[in-house]
*Asks:* 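Once you've had a glance at the structure underneath, I'll fire off some questions.
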There are 2 protein chains.
Amino acid sequence: MSLPDSTQYLPHIAYDSVIFGFSGEKLKILLMEYHNTGWFALPGGFVKVSEPLDEAVSRGLKERTGLDQIYLEQFHTFGSLERVKPDVMRKILEAQHSEVPEKHWLFERFISVGYYALIDYTKVEPQPDALSDSIDWYDVDAVPELLFDHNFIVQKALEHLRTHLDQKLLSVNLLPERFTMKELQQVYEAILDEKQNRANFQRKMLSLGILERHEKLYSGGSHKAPFLYSFNSKN
Amino acid sequence: MSLPDSTQYLPHIAYDSVIFGFSGEKLKILLMEYHNTGWFALPGGFVKVSEPLDEAVSRGLKERTGLDQIYLEQFHTFGSLERVKPDVMRKILEAQHSEVPEKHWLFERFISVGYYALIDYTKVEPQPDALSDSIDWYDVDAVPELLFDHNFIVQKALEHLRTHLDQKLLSVNLLPERFTMKELQQVYEAILDEKQNRANFQRKMLSLGILERHEKLYSGGSHKAPFLYSFNSKN
DNA sequence: AATTAATGTTTCACTATGAAACAATAGTAA
DNA sequence: TTACTATTGTTTCATAGTGAAACATTAATT
């Protein structure tokens with residue numbers, strides 16, 4: 001495999017994406033592990049010379065998750081000098097390329113635009129990219145040490161997600177088409193990292209007028225069966 | 001005057017700043033007018049090769065306003081293709097340089113990071129930069145047509161400011177050290193673009209526990225004198 | 001001393017919210 | 001059939017917050 005071509009991409013500009021999913025219990029993010037290094041990092045990429053920034057991120061996300069039409073939000077752009085670590089980048093390339101030149105555009109300074117994505121965990125088959133061994137889900141409360149400033153980026157993404165959870169009804173994107181009230185509450189609790197009162201949560205959600213109630217879900221348990229809901233597409 | 005040097009700055013990366021001030025009645029922003037073109041744009045600039053992004057913006061702001069230690073917030077990064085207009089950039093340069101080369105780094109595609117600043121209107125003597133004739137205050141509800149996507153950038157900055165007004169107590173930065181409750185209310189009304197109820201506004205502000213009450217301000221009017229307040233520095 | 005205009009405060013109805021109790025129900029077991 | 005259990009759906013009640021209006025205070029003027 002050859003090194004990425006410097007003429008195809010804008011130099012100095014990258015993006016990193018924090019891809020959130022909900023396992024049914026915990027909030028998780030996708031992390032990559034680089035070949036032969038044991039190093040973890042966020043999935044990211046570069047912007048083609050004639051490609052909108054947003055589209056570059058969508059493209060990368062599609063490659064990594066197979067999903068199209070994902071909920072994507074830009075939250076911050078990272079441009080400190082501490083994040084510049086050409087040696088690390090060199091080691092990553094050397095771990096799988098026999099011939100790495102002295103100078104290369106990937107060793108220069110990058111300013112990175114942070115995006116987060118919310119996806120239906122059940123629909124994804126994570127795909128590693130050329131540089132990485134594996135890509136997998138990790139609990140947000142057990143993220144390993146990441147390269148560059150990526151732990152900081154994850155933290156910022158979480159903050160942004162929390163503060164905008166309500167106004168944007170973000171939970172839509174983390175659940176399957178139909179879900180129970182309990183599942184919805186669990187998403188909220190996972191994101192906000194705090195318990196919600198069951199009765200009040202239900203009242204609040206129903207009062208928003210964005211939920212449509214469907215048939216009951218008979219799970220086989222010896223207790224009342226919950227209704228299934230979907231988000232009202234009119235909103 | 002010579003053209004800016006391509007080796008000194010990161011190519012393809014710019015910033016634009018929406019600088020808000022409060023006149024005592026209206027919310028205003030600083031706009032530049034380019035030499036010999038009649039064109040208006042946001043003040044912006046480029047990032048030096050070894051300079052943190054945030055610092056580049058602070059530096060530009062200091063040059064434009066003379067102020068240090070300004071409240072600055074990054075709100076969005078703009079990377080569409082529509083914003084790429086090399087012809088416009090060429091005309092701006094040609095309007096004051098006799099010799100403009102066919103190729104120049106300023107004519108290439110730029111991704112721009114948007115910041116907004118909140119400053120004390122009374123403390124500023126706006127300073128034009130090399131490319132601009134003048135820099136002046138304009139009411140946010142009467143912004144002229146701007147170059148590139150700058151009208152869109154202003155709109156996004158306003159949205160961000162509005163949604164974060166309360167949580168970050170942003171009004172601090174738009175007022176002088178001591179101010180009346182009425183002035184504080186006027187800042188809120190100017191930013192939110194809607195009237196606030198006087199009694200409730202006062203109650204809410206006082207209940208936050210962030211205001212310190214000082215002596216009264218005797219303006220000479222034949223009516224009760226208002227107290228002066230300052231923001232409690234403990235917060 | 002009366003008047004005026006702006007500011008400071010209180011009241012009251014109404015809504016929102018947190019905690020708890022109550023009601024309904026799908027399955028299990030007697 | 002009938003109790004029993006676990007979970008979900010709903011109601012109640014006390015409390016806090018909010019919007020609109022009225023009331024109270026006061027600096028200057030007449």
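These numbers were taken from a predicted model, which means no experiment stands behind them. Here is the naming used below: chain letters follow the sequence lines, and residue numbers restart at 1 for every chain.
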*Asks:* Round to a whole Å and report the spacing from CZ of B:F201 to P of D:dG17.
*Replies:* 18 Å

*Asks:* Determine, for A:D16 against A:R83, whether the closest basic-nitrogen to carboxylate-oxygen distance falls under 4.0 angstrom.
*Replies:* yes

*Asks:* Which is true for A:K182 with a 4.0 Å heavy-atom rule: it touches a base, it touches only sugar-phosphate, or it touches nothing?
*Replies:* sugar-phosphate

*Asks:* If I take atom CE in residue B:M181 and atom C1' in nucleotide C:dT9, what distance separates them, rounded to the nearest angstrom?
*Replies:* 12 Å

*Asks:* Rounded to the Å, how far apart are B:L217 CG and C:dA5 P?
*Replies:* 20 Å

*Asks:* Round to the nearest Å and state the distance from B:Q186 atom CD to C:dA6 atom C1'.
*Replies:* 13 Å

*Asks:* Please write out each protein N/O paired with an N/O of nucleotides 10-15 of chain C under 3.5 Å, distance rounded to 0.1 Å.
*Replies:*
residue : atom : partner : partner atom : Å
C:dT11  : O4   : B:R203  : NH1          : 3.4

*Asks:* Classify the angle between the aromatic ring planes of B:F152 and B:F78 as parallel (below 30°), tilted (30 to 60°) or perpendicular (above 60°).
*Replies:* perpendicular

*Asks:* Measure from CD on A:Q185 to P on D:dT7 and round the result to the nearest Å.
*Replies:* 14 Å

*Asks:* Distance check needed: D:dA3 P versus A:H223 NE2, whole Å only.
*Replies:* 22 Å

*Asks:* For C:dA26 and A:K216 - does any side-chain N or O of the residue sit under 4.0 Å from the phosphate oxygens OP1/OP2?
*Replies:* yes

*Asks:* For a quick check under 3.5 Å, do A:D136 and A:S134 share a side-chain donor-acceptor pair by atom type?
*Replies:* no

*Asks:* If an axis is fit to five pairs at each end of the helix from C:dA1-D:dT30 to C:dA30-D:dT1, what is the angle between the two, to the nearest 10°?
*Replies:* 30°

*Asks:* For A:R178 and A:E215, what are the C-alpha separation, side-chain angles and deciding distance, and is it a salt bridge (charged side-chain N to carboxylate O under 4.0 Å, His left out)?
*Replies:* CA-CA 10 Å; A:R178 297 198 174 185; A:E215 76 284 2; 2.8 Å; yes

*Asks:* Report yes if some heavy atom in the side chain of A:F148 is under 4.5 Å from a heavy atom in the side chain of A:V88; otherwise report no.
*Replies:* yes

*Asks:* Does A:T65 reach the main-chain N or O of A:L67 with its side chain, forming a donor-acceptor pair under 3.5 Å?
*Replies:* yes

*Asks:* Do B:H12 and B:R109 have side-chain N/O donor and acceptor atoms under 3.5 Å apart?
*Replies:* no

*Asks:* Taking the nucleotide of DNA chain C with the nearest heavy atom to each, does B:F227 or A:S222 sit closer to the 5' end?
*Replies:* B:F227

*Asks:* Just how far, in rounded Å, is P of C:dG18 from CE of A:M205?
*Replies:* 12 Å

*Asks:* So does A:Q202 get a side-chain nitrogen or oxygen closer than 4.0 Å to the phosphate oxygens (OP1/OP2) of D:dT10?
*Replies:* yes

*Asks:* Can you tell which of D:dG9, D:dA27, C:dT7 lies closest to the side chain of A:R198?
*Replies:* D:dG9

*Asks:* What is the distance, to the nearest angstrom, from the NZ atom on B:K195 to the P atom on D:dG19?
*Replies:* 16 Å

*Asks:* From the options D:dT10, D:dT8, C:dA26, select the nucleotide whose nearest atom is closest to the side chain of A:R213.
*Replies:* D:dT10

*Asks:* Checking A:Q127 side chain against A:G66 main chain: does a donor-acceptor pair fall under 3.5 Å?
*Replies:* no

*Asks:* In terms of the angle between their ring planes, are A:Y188 and A:F201 parallel, tilted or perpendicular, with boundaries placed at 30° and 60°?
*Replies:* perpendicular

*Asks:* How are the rings of B:Y116 and B:F75 set to each other: parallel, tilted or perpendicular (split at 30° and 60°)?
*Replies:* tilted

*Asks:* Where the side chain of B:K224 is concerned, which of C:dG8, C:dA26, D:dT8 is the nearest nucleotide?
*Replies:* C:dG8

